[in-house]
Amino acid sequence: MKFHQVSKLQGTVSVPGDKSISHRSIMFASLAEGTSEITNFLEGADCLSTIDCFRKLGVDITKPEPGRVIVHGRGLHGLQPPSSTLDVGNSGTTARLISGILSAQNFTTHLTGDASIQKRPMKRIIEPLSRMGADIRSEKNNGCAPLLIQGSPLRGIHYTTQVASAQVKSAILLAGLYADGITKVTEPCLSRNHSELMLRLFGADLHTEGTTAILRPGSSLSGQMISVPGDISSAAYFIAAGSILPGSDILIRNVGINPTRDGILKAAEAMGADITLENLRSGNGEPSADLHIRSSALHGAQIGGSLIPTLIDELPVLAVMAAFADGTTVIRDAAELKVKESNRIDSIVTNLHAMGCDIEATPDGMVIRGGRPLHGAVIDTHDDHRIAMSFAVAALGAKGETHIPASDCVTISYPGFFQHLGSLCKS
Ligand code: S3P
């Protein structure tokens, strides 16, 4: 795809449903008794992989209309052995969370995914799940998928994670549903808490104390009506573009603003962004709002510490904002960027550098000296959806033409992204 500079963004957009919440809704509904109905479900490739895996495990899942999914739960002990390998595609969330569930079943599963998934670290779940008694092996013995998971009896543990990761926390909690005894997960700082909120909604005996989630097994889950709020990670591209391009004025409707996910709002405001939250509401314990974004003069900021897990997926587009901001932005404590769908420190730094930005990589983030005008370039997305979308935003503020050859990957999390972005662009 080719992009040119535009003068501003104007109009209203509704972003698709939250990816993390969509995944969890299918998983927990599959393990529940009775029927669940999910609306505003994200029909991105990652969440469709989750549906595909649970169908292979015997769950009846139908999509009567776009964004509406009906799951006929099989209860905690009703999953069936799959007749073929489970393929999670590009989805780390599917791979890690489902491994917690599969570790406790009375059958064996092979699990794999695409080239990117086969490079992503799975030791972080293999280690705690093994401590619970799971028999889970990396088939190539390299700590990555493909995985062979032989269901086993599990015991509750108290696990302290090195890095705040909702995928690791959730895998352990899901295994804990089947364990003998209480399961506790303590994180260095709080990662997204959608699993905790939704497991409680479905009837699990779970509570939190500070950064520790505590699950007592024994309760069955029961089917629910879930309305998925819009994904703040998808809204982030419009927040950035609307802030960067002078004269912009946009409304992003129905965005999830769970405090464990709203770091992009805090970081953008620290950089001088003009964001107003309107129409605040809450459903299924998840707060949401409409976001009114007006362009403003941006300046550099320090981004690090406990803010990082709350905006980890937004760092690529935040780096783009920083390139357009006056002064220096330092992103630190974000070494996790290296093990996402691509090595995002590399993919951000090389692409922004190609567009003329003064940027350098550090071991746990990057330093961006913003304010230099950017020019068009050929972007290497590394087939990473968030890199493709972030650089489409950069392109709108850059002189000349930007070419993003491998842009189809946006369908992982936001199938209509380019149409939505185009509908807001004013030349
Ligand atoms: C996710 C957690 C985060 C995030 C990912 C989605 C989730 O990963 O980057 O896109 O849905 O639990 P980590 O748990 O590895 O930080």
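Numbering of ligands and ligand atoms starts at 1, following listing order. Both backbone and side-chain heavy atoms feed into the values below; hydrogens, waters and symmetry mates do not. Remember, it's a predicted structure, so these values are computed and weren't measured experimentally.
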Arg253, CZ: over 12 other non-hydrogen atoms inside 6.0 angstrom:
no
Under 4.0 Å between a side-chain nitrogen and a carboxylate oxygen: does that hold for Glu65 and Arg68?
yes
Under 3.5 Å: N/O of Gln167 near N/O of ligand 1:
yes
Inter- and intrachain pairs under salt bridge (Lys or Arg N to Asp or Glu O under 4.0 Å), touching residues 206-229, at least two apart:
Asp205-Arg216
In terms of residue, atom name and distance, what is the protein heavy atom nearest to atom 11 (O) of ligand 1?
Ser20 OG, 2.7 Å
Would you confirm whether the ring centroid of His420 sits within less than 6.0 angstrom of the ring centroid of Tyr414?
yes
So, for Cys53 and Ile98, which heavy atoms are closest and what is the spacing to 0.1 Å?
CB-CD1, 3.7 Å
Show the atoms of ligand 1 that are less than 4.0 angstrom away from any heavy atom in Ile312.
9 (O)
Tabulate below the donor-acceptor pairs under 3.5 Å that side-chain atoms of residues 100-108 make, not counting sequence neighbours, or state none.
from	atom 1	to	atom 2	distance (Å)
Ser103	OG	Ser99	O	2.7
Gln105	NE2	Ile101	O	3.0
Gln105	NE2	Tyr178	OH	3.3

Return the residue, atom name and 0.1 Å-rounded distance of the protein heavy atom closest to atom 15 (O) of ligand 1.
Lys340 NZ, 3.3 Å
Report the member of Arg192, Arg24, Arg96 with the shortest heavy-atom distance to atom 2 (C) of ligand 1.
Arg192
Atom 10 (O) of ligand 1: which protein heavy atom is closest, and how many Å away?
Asp313 OD2, 2.7 Å
Any N/O pair Ala166/ligand 1 closer than 3.5 Å:
yes
